[in-house]
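Step one of this worksheet: look at the structure below.
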Amino acid sequence: MSKRYWLFKSEPTAYSFADLMDENEQTAEWDGVRNYQARNFLRDEVQVGDGVLFYHSNADPPAVVGTAVVTRAGYPDCTAWDPDSEHPDPKSTPDNPIWFMVDIRGEMELETPVTLAKIKGHPALQNISMRKRPRISIHPIEGKEWSVILQMSN
DNA sequence: GCCAACGTTGGC
DNA sequence: GCCAACGTTGGC
């Protein structure tokens, strides 16, 4: 199975790239996703070794700020049945989980964040998934898009 | 199963 | 803070 690329969104006030880099082994569970399309990516498609662009949404400016790598593929999101978690969902149970998460390890902070404005302005990124479906927190990224965005960060 | 009402996301 | 886009819920 060949390596794929993804873009994960996070509001930096809730969880920033710096927070990820501060974790033990720079590794965190990507939990709390409560959207079915994003869930399907996490459960069915995201694989160990895949590349992740870490995007700050609701930020000034919104931008890709770092890269990460998937260290554990989809498994049940146990925060769903924790009533004290941020996004409890009583319909999801250990026997019949609805929501899934993966683990990622932060790799590199971008020298220059690649802002949404720059992404929108780049001819090679006109069809990037986040432009077509603006409100999903997980997006597949083409290999070409990945390299273009990383080039723009230098 | 339709669809109106409602809630959330997230750029601006 | 506004509001467009769009996902989800729930009455029927």
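Proteins get letters first, then strands, A, B, ... in listed order; numbering begins at 1 in each.
With 3.5 Å as the limit, one finds a donor-acceptor pair spanning the side chains of A:Arg131 and A:Gln126.
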Legend entry - Trace of the ring-ring contact (aromatic ring centres under 6.0 Å, His included) decision for A:Tyr36 with A:Trp99: CA-CA 8 Å; A:Tyr36 285 102; A:Trp99 306 112; 4.7 Å; yes
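Of the two residues near DNA chain C, A:Asn58 and A:Ile136, the one whose nearest nucleotide lies more 5' is A:Asn58.
A:Gln151 places no side-chain N or O within donor-acceptor distance of the main-chain N or O of A:Val148, the cut-off being under 3.5 Å. A:Ser85 contributes no side-chain N or O that, together with a main-chain N or O of A:Trp81, makes up a donor-acceptor pair within less than 3.5 Å. Proximity of a side-chain donor or acceptor of A:Ser92 to a complementary backbone N or O of A:Asp89 within less than 3.5 Å is not detected.
A nucleotide of DNA chain B counts as in contact with chain A when one of its atoms lies under 4.0 Å from a heavy atom; the first and last such, 5' to 3', are B:dT8 to B:dC12.
Between A:Asp77 and A:Arg34 there is a salt bridge, since at least one side-chain N of the basic residue sits less than 4.0 Å from a carboxylate O of the acidic one.
An end-to-end axis angle of 10° holds for the helix from B:dG1-C:dC12 to B:dC12-C:dG1, taken from five base pairs per end and rounded to 10°.
Classification of the A:Phe54-A:Trp30 ring pair by plane angle, with boundaries at 30° and 60°, yields perpendicular.
Pairs of residues two or more places apart, or lying in two chains, never qualify as salt bridge (charged side-chain N to carboxylate O under 4.0 Å, His left out) while including a residue from residues 9-26 of chain A.
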